[in-house]
Amino acid sequence: MIKPFSETVKETARKSAKFRIGLLNEAVICIAGGEAAVAKILLRDYIDSTIGFKKAAKLMGKEPQAVMRMLRPSGKPSLDNISKLLASLHKHEGVDPCA
């Protein structure tokens with residue numbers, strides 16, 4: 001039986017810190033390259049596979065629904081919010097994205 005792609009991503013993210021960090025770094029690259037829609041998908045996949053929206057929101061000082069809304073396909077997160085989210089998730093992984 002073939003697994004859905006989303007399940008493969010979740011399973012790999014749970015097992016591999018390198019993969020998780022890669023999702024975050026790729027989201028940054030996508031934002032810099034004008035691919036915000038792809039970045040939001042990567043961030044949703046990361047959050048769904050790891051800490052969940054409740055904890056991600058807590059790290060940002062936001063409500064879970066606000067984080068879910070900003071990462072929807074129709075979401076329009078501010079640069080401030082997206083940078084806070086990325087910084088929080090990188091910190092959670094224990095990496096400095098600027099290093």
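Being a predicted model, the structure only gives us computed values, none of them experimental.
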With side chains defined as the heavy atoms from C-beta onward, is the minimum distance between [X] and [Y] less than 4.5 Å?
X	Y	value
His92	Lys55	yes
Leu23	Leu43	no
Val95	Asn25	no
Glu93	Ser88	no
Phe53	Arg44	yes

For [X] against [Y], the heavy-atom pair lying closest together:
X	Y	result
Lys40	Pro73	NZ-O, 3.2 Å
Met60	Lys84	CE-CB, 4.1 Å
Phe19	Thr12	CG-CG2, 3.6 Å

Residue pair Ile31, Leu86: steps toward the side-chain contact (heavy atoms from CB on, under 4.5 Å) verdict: CA-CA 11 Å; Ile31 290 167; Leu86 283 164; 3.7 Å; yes
Spacing of [atom1] belonging to [X] relative to [atom2] belonging to [Y], to within rounding of 0.5 Å:
X	Y	atom1	atom2	result
Glu35	Leu42	CD	CG	10.5 Å
Leu89	Leu59	CG	CG	7.0 Å
Asp96	Lys91	CG	NZ	11.5 Å
Lys58	Ile51	NZ	CD1	11.0 Å
Arg14	Lys10	CZ	NZ	6.5 Å
His90	Ile21	NE2	CD1	7.5 Å

Distance-only polar pair, side chains of Tyr46 and Glu26, donor-acceptor under 3.5 Å: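 Not at all, the side chains of Tyr46 and Glu26 share no donor-acceptor pair under 3.5 Å.
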Can Ile41 be reached from Leu85 by stepping across I, L, V, M, F, W or Y side chains whose heavy atoms are under 4.5 Å apart? no
Using only atom types and a distance under 3.5 Å, with no angle test, would you say the side chain of Ser16 pairs donor to acceptor with the backbone of Ala13? no
Please step through side-chain contact (heavy atoms from CB on, under 4.5 Å) for the pair Ile29 and Val38, ending with a clear verdict. CA-CA 10 Å; Ile29 291 167; Val38 176; over 6 Å; no
